Amino acid sequence: MRRPVGGMGREGQGMATAAAQDSRVTSRAEAQDAPPAGDLPSIEEAHRVAPKDARRLSKLFFERLGQLEEGTAEHQYARNTLIEMNLSLVRYAASRFRNSAQEMDDIVQVGTIGLIKAIDRFDISLENEFTTFAVPYIVGEIKRFFRDTTWSVHVPRRLQELRVNMARAREELAAAGNHEPSVADLAAHLRLGEDEVIEGLVAGNGYHADSLDRPVDADGGSRSGGLIADLIGDEDPALALAENLHALKPLLAQLDDRDRHIIELRFGAERTQSEIGAELGLSQMHVSRLLSRACRTLREGLLAEG
């Protein structure tokens, strides 16, 4: 009896997870008791088939797959066996991304989705090698996964691709023995404008994000200098005050001399209404009315400008 997908190792589990996202893939466990389709050989551990044998057997399975009715147990057997036999292509493509921060199991599972798409779209009548046809699908699915999930801040696809091109350009310039490339060097190498390169460098900052609770090393050593959050400034309330004073200046100039002098004594010299009245020879109540009128005029002027 062929072993179900659920009992296989990491590769089989990756295939099963990817297949679950494709509604057209029926579980290997459901098809395990089905007889081989026609003259197809019975392969109990398809994921262990050597790559050379997998290429030979894949041609046979693809020829038979095109003759079988979709949804039948025989069709499921042929299709799932093709998936398992060609998992080595997924592992090969995934190895190109082994230096990324993502778990290799996750990359293999995503690449398996690309493999399934390639199997469903492969036309053996075109006489192409399946490996040549499948690898771009697998790599494309993995790249799409990185583009959609690994950026901390979403940036346009154009800038994501520019970041990759600039990283490659840096490696090429370094291999040529150049110093750390400048913006001008990258622009000349990529045949782009310096403004576009600067835009790509700024966008690249969105790939990784730091925690605000991460300690900051003081003076570049091991001594803790606090947390990143401690370096983030708060909004200075004096800024709003400065803006208001700047907006009030032309409005104060429109007041008459007496009202402007009362405003200055009350809010500049911080005199009481009684003290202002005594200095100007006015009653406290009169001063209060004049202050209220002047403040109302200033307030209406500010709101009109806002």
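Owing to the predicted nature of the structure, the values given are computational and were not obtained by experimental measurement. What you see below is based on every heavy atom in this structure, not just the backbone, and it leaves out hydrogens, waters and symmetry mates.
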- Query: What heavy-atom pair brings Arg158 and Glu199 nearest, and what distance separates the two atoms?
  - Reply: NH2-OE2, 3.3 Å

- Item | From CA spacing to verdict: salt bridge (Lys or Arg N to Asp or Glu O under 4.0 Å), Glu74, Arg79 | CA-CA 9 Å; Glu74 292 80 6; Arg79 186 168 180 269; over 6 Å; no

- Message: Are the side chains of His189 and Glu172 in contact, using a 4.5 Å heavy-atom criterion?
- Response: yes

- Task: Please name the pair of heavy atoms, one in Phe133 and one in Arg121, separated by the smallest distance, quoted to 0.1 Å.
- Result: CZ-O, 3.8 Å

- Item | Other residues, nucleotides, ligands: >12 heavy atoms within 6.0 Å of Arg96 CZ | no

- Any Lys/Arg nitrogen of Arg168 or Glu171 sitting under 4.0 Å from an Asp/Glu carboxylate oxygen of the other? no

- d(Ile138 CD1, Leu87 CG) to nearest 0.5 Å is 9.0 Å

- Query: Are any side-chain N or O atoms of Arg271 and backbone N or O atoms of Ile276, one a donor and one an acceptor, separated by less than 3.5 Å?
  - Reply: no

- Message: Between Asp259 and Asp256, is there a side-chain heavy-atom distance shorter than 4.5 Å?
- Response: yes

- Message: I'd like to check Glu194 versus Leu186 (side-chain heavy atoms, cut-off strictly below 4.5 Å). Are they in contact?
- Response: no

- Query: Just by distance, do the side chain of Arg266 and the backbone of Ile263 share a donor-acceptor pair under 3.5 Å?
  - Reply: no

- Locate the shortest heavy-atom distance separating Arg260 from Ala253; write the atom from each residue and the value. NH1-O, 3.7 Å

- Item | Stepwise side-chain contact (heavy atoms from CB on, under 4.5 Å) check, Ile124 with Phe61 | CA-CA 10 Å; Ile124 195 170; Phe61 273 78; over 6 Å; no

- Query: Going through the distances and angles, do Leu302 and Leu298 end up as a side-chain contact (heavy atoms from CB on, under 4.5 Å)?
  - Reply: CA-CA 6 Å; Leu302 286 175; Leu298 295 174; 5.6 Å; no

- State, with a plain yes or no, whether a side-chain heavy atom of Lys249 is found less than 4.5 Å away from one of His246. no

- Message: I need the Glu275 CD to Leu280 CG distance, nearest 0.5 Å.
- Response: 12.0 Å

- Item | Whether Thr81 side chain and Tyr77 backbone form a donor-acceptor pair below 3.5 Å | yes

- pair Phe122-Leu65: side-chain heavy atoms closer than 4.5 Å: no

- Query: Is the side chain of Asn86 donor-acceptor paired with the backbone N or O of Leu89 at a distance under 3.5 Å, no angle test?
  - Reply: no

- Side chain proximity check, Leu282 to Leu290, heavy atoms < 4.5 angstrom: yes

- Query: Would you say Gln76 and Thr72 make side-chain contact, with heavy atoms under 4.5 Å?
  - Reply: no

- Query: Is there a side-chain contact (heavy atoms from CB on, under 4.5 Å) between Leu162 and Val197 once you walk through the steps?
  - Reply: CA-CA 8 Å; Leu162 178 58; Val197 171; 5.7 Å; no

- Message: For Phe267 and Leu291: C-alpha separation, side-chain torsions, deciding distance, then whether side-chain contact (heavy atoms from CB on, under 4.5 Å) applies.
- Response: CA-CA 10 Å; Phe267 298 104; Leu291 272 175; 4.3 Å; yes

- Rounded distance [0.5 Å steps], CE in Met166 versus CD in Glu196: 9.5 Å

- Query: Looking at Ile119 and Phe62, what are the two nearest heavy atoms and their distance?
  - Reply: O-CE2, 3.8 Å

- When rounded to the nearest 0.5 angstrom, what is the spacing between CG in Leu57 and NZ in Lys52? 12.5 Å

- Task: State whether the side chain of Glu300 and the backbone N or O of Thr297 hold a donor-acceptor pair below 3.5 Å, judged by distance alone.
- Result: no

- Nearest heavy-atom pair of Val139 and Ala93: which atoms, and what distance? CG2-CB, 3.9 Å

- Message: Less than 4.0 angstrom from a charged side-chain N to a carboxylate O is my criterion; do Lys117 and Asp120 meet it?
- Response: no

- With side chains defined as the heavy atoms from C-beta onward, is the minimum distance between Phe130 and Lys59 less than 4.5 Å? no

- Message: Nearest 0.5 angstrom please: Arg55 CZ to Ser58 OG, how far?
- Response: 9.5 Å

- Message: In this structure, would Tyr92 and Ile83 fall into the same cluster of hydrophobic residues linked by side-chain contacts under 4.5 Å?
- Response: no

- Over all heavy atoms of both residues, which pair between Ala54 and Val49 is shortest? Give the atoms and the distance, please. N-CG1, 3.6 Å

- Gap between atom CD1 of Ile116 and atom CD of Glu141 - 0.5 Å precision: 9.5 Å

